[in-house]
Undergrad: 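After the structure tokens below, expect a handful of questions from me.
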Amino acid sequence: QVNSQGMLCVFQDECLGQGSFTRVFKGTKVDIREGEEHRTQVLLKVLDANHKDYWEAFFEASSMMSQISHKHLLLVYGVSVHGAKNIMVQELVKYGALDLYLKRKGSVSVSCKLDIAKQLALALNFLDEKNIVHGNICAKNVLLAREGDPSQETSPFIKLSDPGIKVSLLDRNVILDRIPWVGPELLQDPPILSLDSDKWSFGATLWEIFNNGETPLKDWDLEMKRRFYGTYQQLEPSQWTELADMITQCMDYQPASRPSCRVVIRQLNNLITSDYEVLHASEAPER
Ligand SMILES: N#Cc1ccc(Nc2nc(N)cc(-n3ccc(CO)n3)n2)cc1
């Protein structure tokens with residue numbers, strides 16, 4: 001496929017996963033500069049052909065991502081519209097989606113989880129300061145560029161993925177199925193998408209991170225999910241009270257009562273410090 005910027009993309013075969021109305025494939029981007037061929041491994045996110053009417057929203061999502069740059073935001077090279085296919089070309093992030101990674105690893109340390117949570121909070125704070133709503137914060141859209149390896153003293157490094165089709169454009173049943181990540185205010189009529197909605201989703205993502213990538217309300221049907229919000233329920237609280245409190249504060253049914261990104265970052269720093277103290281208490285010299 002060649003697009004306007006002369007970006008040539010070659011598909012590899014295996015499908016790596018899927019989002020709402022999209023499938024993702026590994027691919028190679030070939031740039032020709034000064035007659036030289038430069039090949040880069042990329043991730044190709046293809047909009048399902050039967051959802052072609054979403055292509056403007058698809059295009060919008062990728063242009064939103066390609067207009068801003070931050071170390072914890074996914075790099076989007078561009079969109080290649082070719083024939084019936086709409087393809088978003090993204091940097092290939094080495095370890096893929098966080099939910100699958102956590103499920104696979106099963107034993108990521110608390111300090112790594114806190115580090116990942118803090119990086120996600122920094123990405124949200126960056127978007128918040130630019131008054132940009134992401135609208136689809138969840139562990140599946142957090143990508144792991146580097147593993148945390150305590151023995152090598154390396155910390156994990158994440159990139160927040162594109163939000164995909166704007167949530168307010170989706171059918172009500174698709175929004176219902178995004179419970180508990182989607183803010184309750186999005187199920188009102190009309191749905192109110194605001195920066196506060198991302199804070200709710202951050203809370204649900206924190207829950208995923210500290211539950212080893214477990215899918216919250218897995219296999220619940222739409223009626224049960226609707227009732228989860230209808231009766232103001234909360235996700236299963238963590239034994240770690242400070243963490244449980246933080247998740248509940250983010251998942252406040254009153255959007256305006258949710259903590260600001262600054263408060264979230266400060267609370268995460270407190271958790272990191274208290275985790276560090278607990279972790280190293282045994283090494284503390286006798287006073
Ligand atoms: N085995 C394996 C493996 C799989 C994926 C990657 N990398 C990657 N890079 C991106 N830019 C986006 C994604 N996504 C995966 C699901 C979605 C849906 O949102 N995106 N994966 C690296 C290794």
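Remember, it's 1-based here, ligands and their atoms both numbered in the order they're listed. Quick caveat, the model's predicted, so the values are computed rather than measured.
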Undergrad: Measure from the ring center of W200 to the ring center of Y229 and say whether it is less than 6.0 Å.
TA: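 Yes, close enough.
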
Undergrad: State whether the number of non-hydrogen atoms from other residues, nucleotides or ligands found under 6.0 Å of Q188 atom CD is greater than 12.
TA: yes

Undergrad: Please check if the number of heavy atoms outside Q254 that lie under 6.0 Å from its CD is greater than 12.
TA: no

Undergrad: If you define the side chain from C-beta out and look only at heavy atoms, does anything of L44 sit under 4.5 Å from V89?
TA: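 Yes; the side chains approach each other to less than 4.5 Å.
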
Undergrad: Between N141 and N136 (side chain of the first, backbone of the second, donor and acceptor by atom type, cut-off under 3.5 Å), is there such a pair?
TA: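 Yes, N141 side chain to N136 backbone: donor-acceptor pair under 3.5 Å.
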
Undergrad: What pairs meet the ring-ring contact (aromatic ring centres under 6.0 Å, His included) rule with one or both residues in residues 155-180, with sequence neighbours excluded?
TA: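 Output for this query lists H72-F157.
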
Undergrad: Show me, by chain and number, every protein residue that has a heavy-atom distance under 4.0 Å to ligand 1.
TA: L16, V24, L43, K45, L74, Q90, E91, L92, V93, K94, G96, N141, L143

